[in-house]
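Input: a single structure, listed below in structure tokens.
Quantities reported herein were computed from a predicted structural model and do not represent experimental measurements.
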Amino acid sequence: TSTLYTSFVENYRRDGELWVRFGVNPLPGREDVRLVCQAPVKSTRTVTVSDNHEETFFVIESSVQIGGQQCKAEIVLKSHGTMKFMMHLGRSALQDLDLVVAPQCSGLFGDDLESYYD
């Protein structure tokens, strides 16, 4: 499952459906820059976290685009805490986008990655 780390998440009802409003800080180190987004809740996931208590997270569906490729992905919304990256793409999204991860590389895509191996 893909995960988006948010600055806040709050739920509300809209026309009888459960929705979430959440904040995303798109620029690393700039807590003063925040986008506020909203989406219908697709489901919830309850997970046992490290100190052995359960936490429930909202799941939304959204489009994900990398380069010229796009897919729909289920995204779990979590409080960002101390995460280095604001989003982690899950295996399903990577497969739907037909992407292969080269863990020894960083910030490369498509032709950039091909030239790395030449």
Taking the side chain as every heavy atom from C-beta outward, state whether Q69 and D96 have any pair of such atoms under 4.5 Å apart. no
Counting N and O atoms only, with roles assigned by atom type, does the side chain of T48 sit under 3.5 Å from a partner on the main chain of H53, one being a donor and the other an acceptor? no
Evaluate the criterion side chain to side chain contact (heavy atoms under 4.5 Å, CB included) for residue pair L97 and V64; output intermediate values, then yes/no. CA-CA 9 Å; L97 291 166; V64 174; 4.2 Å; yes
Establish whether W19 and L4 are linked, either directly or via other cluster members, by ILVMFWY side-chain heavy-atom contacts under 4.5 Å. no
If you draw a 6.0 Å radius around CG in D32, do more than 12 non-hydrogen atoms from other residues or ligands fall strictly inside? yes
Set of residues satisfying salt bridge (charged side-chain N to carboxylate O under 4.0 Å, His left out) with respect to R34, sequence neighbours excluded: none
Hey, could you give me the NE2/OG distance between H88 and S2, rounded to the nearest 0.5 Å? 10.5 Å
Please answer: with hydrophobic residues joined when any side-chain heavy atoms are less than 4.5 Å apart, are F57 and V24 in the same cluster? no
Across all chains, not counting sequence neighbours, the salt bridge (charged side-chain N to carboxylate O under 4.0 Å, His left out) partners of K72 are none
Look at the side-chain heavy atoms of Ile, Leu, Val, Met, Phe, Trp and Tyr, link any pair under 4.5 Å apart, and say whether V76 and I60 land in one connected group. no
Between V41 and V59, is there a shared hydrophobic cluster once you connect ILVMFWY residues whose side-chain heavy atoms come closer than 4.5 Å? no
Aromatic Y5 / basic K78 pairing, under 6.0 angstrom, 45° off normal: no
Nearest-0.5 Å distance that lies between atom OG in S79 and atom CZ in F22: 13.5 Å
Side chains of T56 and T46: donor-acceptor distance under 3.5 Å anywhere? yes
Counting only pairs under 3.5 Å, give me each side-chain donor-acceptor contact of residues 8-15, with atom names and distances, residues two or more places apart or in other chains.
unit_1	atom_1	unit_2	atom_2	d
E10	OE2	R21	NH1	2.9
Y12	OH	Q38	OE1	2.5
R13	NH1	G16	O	3.3

Which residues pass the salt bridge (charged side-chain N to carboxylate O under 4.0 Å, His left out) test with E61, sequence neighbours left out? K42
Counterpart residues, side chain to side chain contact (heavy atoms under 4.5 Å, CB included), relative to L94 (two or more places apart): L89, L99, V101
Name all pairs fulfilling the salt bridge (Lys or Arg N to Asp or Glu O under 4.0 Å) condition that reach into residues 45-59, sequence neighbours left out, sorted by first residue then second. R45-E74
Kindly work out whether a path of hydrophobic side-chain contacts (I/L/V/M/F/W/Y, heavy atoms less than 4.5 Å apart) joins I66 to I75. yes
